[in-house]
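Note on naming: letters A, B, ... go to the chains in the order of the sequence lines (proteins, then strands), and numbering restarts at 1 for each one. Quick note: numbers below take in every heavy atom, side chains included, and nothing from hydrogens, waters or symmetry partners.
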There are 2 protein chains.
Amino acid sequence: MNKESVDSTEKLILEAAKKVFIEKGMEGARMHEIAEEANINKALLHYYYRTKEKLFFAVFQYAFQQFLPNVEALFKTGMPFDQRIELFVHQYMKLLLKNPFIPLFILHEINRNPEMIANHIFQSGVNPRALEQIIHEEIEQGNIRPIHPRQLILNIISLCVFPIAAKPLVKRIIFNNDNIAYEKFLDDRETEVIQFILNAIKIK
Amino acid sequence: MNKESVDSTEKLILEAAKKVFIEKGMEGARMHEIAEEANINKALLHYYYRTKEKLFFAVFQYAFQQFLPNVEALFKTGMPFDQRIELFVHQYMKLLLKNPFIPLFILHEINRNPEMIANHIFQSGVNPRALEQIIHEEIEQGNIRPIHPRQLILNIISLCVFPIAAKPLVKRIIFNNDNIAYEKFLDDRETEVIQFILNAIKIK
DNA sequence: GTCTATATTGTGATAGAC
DNA sequence: GTCTATCACAATATAGAC
């Protein structure tokens, strides 16, 4: 009863398209490369998806969901704020590390085609307003230092996303392409980021 | 004696190429668009730069210098560590705000062509090792909390660069495309980022 | 140095046999 | 549904007149 009709040609194409588009972007990707990746004929791409644009859109839809943080952790009531932050950073960094090309892909395409965002945001379930409210309340109750909620949200996202998006640059400049040191760095980073954020907002 | 031969065709082409390449990337840019932007003929692009690749490389060289933070301020001795951080964030965010497309441009191209980095790093004057040493000493002297220097460096860069790179996304998701609120946010951000970092590393 | 015209190649897309 | 062959056009690049 596995719902994912694993070997269907359509699925095969989508998987190949994900790989190529996410790595090279809309303009950088070639239809023939996607066909090769899927081990099928070029014409089949058009049979199933008609145009490059439509195939790209299917990939974008998938990638965007992967990129948007799952904020569920932040709404778990009965949990201290510290732990909610911790859980969020943990979950989001795990997700990003599994899909390291996605952040850059999303940022690049959104820059190219800003209208594409709006269509996706609304169904995404992300609700910045509710998040801001939670942070606002924590400040009111004197649990954390005063900070503009939007700034805090963006700080957290920045600390999680940027190092992944800039991976090759960071690896080269800071680690001189030393893979072992770099992997160790990423392993440590989750804990370090959590500590950094908590230190920044904690009273006392 | 203005050294920049302001109206020379070569310079004109380079300026137009900067604008188009930095906004659209190597694959997204079109030679005819650059020619149009410079108000000259397409053939002239090749006369001066032979290939698209070579013209692109000239632009990349320029952009990379803009993207690399000027760390000079951090080495100004006799200044407390706090103020050095403050000065750096101030200078870097001002630079980024003046060139908002550059971060994404660099990240995208580096991902596409990692070898390009090495050629530029060495002449860039950036010296992560020296930076790490400074941070290490501050920790030794008990001036700031213990943190791995590389993590701190990347945290600072992340907080400065990511919001610029993700501008359209941030503006849409967090600010619902409210331009006034977004501009206000960016104005405030420099101070907020400095406070956030200092709170995170300060003892007590 | 600058232009027009053209060559050349790459790429998305379609026609039509099986 | 899948393939081969081919079209149509866009984009880089060059030739050659002025």
(message) Under 6.0 Å between ring centres: does that hold for A:Phe101 and A:Phe105?
(response) no

(request) Decide if the gap between the ring center of B:His120 and the ring center of B:Phe57 is smaller than 6.0 angstrom. (result) yes

Between [N] atom [atom2] and [X] atom [atom1], what is the distance in whole Å?
X: B:Tyr49; N: D:dT12; atom1: OH; atom2: C1'; answer: 17 Å
X: B:Glu33; N: D:dT12; atom1: CD; atom2: C1'; answer: 15 Å
X: A:Leu45; N: D:dG1; atom1: CG; atom2: P; answer: 15 Å
X: A:Asn39; N: D:dG1; atom1: CG; atom2: C1'; answer: 17 Å

(request) Summarise protein proximity over nucleotides 4-18 of chain C in one line of letters, 5' to 3': B for base, S for sugar-phosphate only, - for none, counting protein heavy atoms closer than 4.0 Å. (result) B------SBBB----

(request) Would you mind reporting whether B:Asn70 and B:Phe88 have side-chain heavy atoms less than 4.5 Å apart? (result) no

Where the side chain of [X] meets the backbone of [Y], is there a donor-acceptor pair that is under 3.5 Å apart?
X: A:Gln66; Y: A:Leu95; value: no
X: A:Arg84; Y: A:Ala73; value: no
X: A:Lys42; Y: A:Ile34; value: no

(request) Return each pair, listed once, that meets ring-ring contact (aromatic ring centres under 6.0 Å, His included) where at least one residue sits in residues 154-197 of chain A; pairs must be two or more places apart or across chains. (result) A:Phe175-A:Tyr182, A:Phe175-A:Phe185

(message) Measuring from atom CG of A:Asn119 to atom CG of A:Asn113, what distance do you get when rounded to the nearest 0.5 angstrom?
(response) 9.0 Å

(message) Rounding to 10°, can you tell me the angle the first-five-pair axis of the helix from C:dG1-D:dC18 to C:dC18-D:dG1 makes with its last-five-pair axis?
(response) 10°

